[in-house]
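Data block below; observations after.
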Amino acid sequence: AEHYGIPTISTGDIFRANIKNKTELGKKVLEYTSQGFLVPDELTNEIVRDRLAQDDAKNGWILDGYPRNVAQLDEILEGLGEQLDAVVALTAPTNVLLERMAKRAKEEGRADDTPEAIQNRLNTYDKETTPVLDIYQQRGKLVTVNGVGEIDAISEEIVKALDAKLG
Ligand code: AMP
């Protein structure tokens with residue numbers, strides 16, 4: 001986001017902020033996020049639609065953690081009339097993901113970093129999010145970057161891969 005001068009819009013961050021501030025939305029989504037299940041599409045799509053309509057999103061944006069299933073993909077490409085330039089998939093083996101989440105559970109105390117919620121999230125990713133990647137692969141939009149290593153080096157790889165893709 002810093003490199004391209006556009007905002008990052010993270011649905012997970014938006015949900016966590018609402019939970020923290022005990023908003024109506026926060027109360028509605030907690031039962032899903034805390035267990036590691038996806039929040040219903042109607043709620044998720046609405047917050048993305050509102051956020052993309054804000055001024056700072058006029059010249060582009062990075063969506064982090066959205067779309068996470070095929071229905072959201074349809075919403076963003078067709079419903080919103082937006083065309084994505086590229087989709088970045090960061091890959092890491094499951095054991096690395098488990099280690100990172102265990103570390104994050106200690107450091108941040110995220111409500112959904114319990115063993116049960118982690119398992120649900122990994123299952124949900126396989127079942128619901130992987131088909132999204134397949135579709136973007138077929139459409140020639142997918143950029144896959146190795147997500148294991150130092151953050152700076154991975155960031156550089158992402159920018160390099162995106163620049164190559166966007167031309
Ligand atoms: P994240 O920080 O992206 O891992 O998101 C944390 C949690 O927020 C997820 O486990 C879901 O419960 C919810 N969430 C985030 N993004 C989405 C999305 N696009 N669709 C449905 N639920 C989402």
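Given the structure is predicted, the values throughout are model-derived calculations rather than measurements. Side chains included, hydrogens not; waters and symmetry mates left out as well; all remaining heavy atoms used. Order of appearance sets the numbers: ligands from 1, and atoms from 1 within every ligand.
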Looking only at distances, can you tell me whether any N or O atom of [X], backbone or side chain, sits closer than 3.5 Å to an N or O atom of ligand 1?
X     : result
Gly36 : no
Arg16 : yes
Thr11 : yes
Val39 : yes
Gly65 : yes

**Gln35 heavy atom under 4.0 Å from ligand 1** =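 No, that is not the case, since the closest heavy atom of the residue is not under 4.0 Å from the ligand.
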
In terms of hydrophobic clusters joined by side-chain contacts under 4.5 Å, are [X] and [Y] together?
X      : Y      : value
Val159 : Ile6   : yes
Tyr125 : Ile135 : yes
Tyr136 : Val143 : no
Ile118 : Leu38  : no

**Asked** Do Asp56 and Arg51 meet the salt-bridge criterion of a basic N to acidic O distance under 4.0 Å?
**Response**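 Salt bridge flag = yes for Asp56 with Arg51.
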
Can you name the atoms of ligand 1, numbered from 1 with element, that are less than 4.0 Å from a heavy atom of [X]?
X      : result
Thr44  : 18 (C), 19 (N), 20 (N), 21 (C)
Phe37  : 11 (C), 12 (O)
Tyr66  : 19 (N)
Arg121 : 10 (O)

**Message:** Test of understanding: given a 4.0 Å heavy-atom threshold, classify the contact between Arg110 and ligand 1 as side chain, backbone, both, or neither.
**Reply:**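 It is the side chain that touches ligand 1; the backbone stays farther off.
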
Nearest neighbour in protein (non-hydrogen) for [atom]:
atom                    : answer
atom 20 (N) of ligand 1 : Gln72 NE2, 2.9 Å
atom 23 (C) of ligand 1 : Phe15 CE1, 3.7 Å
atom 1 (P) of ligand 1  : Arg68 NH2, 3.5 Å

**From NZ (Lys127) to OG1 (Thr130), nearest 0.5 Å** =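 So the gap between those two atoms works out to 11.5 Å.
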
**Asked** Which distance, rounded to the nearest 0.5 Å, do you find between the CD1 of Ile62 and the CD of Glu2?
**Response**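 Reported to 0.5 Å precision, the distance equals 10.5 Å.
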
**Message:** For Glu75, run the side chain to side chain contact (heavy atoms under 4.5 Å, CB included) check against Val48, Thr44, Asn45 and tell me which one passes.
**Reply:**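 Looking at Val48, Thr44, Asn45, the match for Glu75 under the side chain to side chain contact (heavy atoms under 4.5 Å, CB included) is Asn45.
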
**Among Ile9, Asn18, Leu25, Val29, side chain to side chain contact (heavy atoms under 4.5 Å, CB included) partner for Ile47** =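 It is Leu25, the one option of Ile9, Asn18, Leu25, Val29 that forms the side chain to side chain contact (heavy atoms under 4.5 Å, CB included) with Ile47.
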
**Request:** Taking all heavy atoms of Gly60 and all of Pro7, pick out the closest pair and write down the distance.
**Result:**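 Closest heavy-atom pair between Gly60 and Pro7: O-CD, 3.3 Å.
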
**Options Val48, Thr33, Val29, Ile14, ranked by nearest heavy atom to atom 7 (C) of ligand 1, top entry** =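 Looking at heavy atoms only, Thr33 sits closest to atom 7 (C) of ligand 1.
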
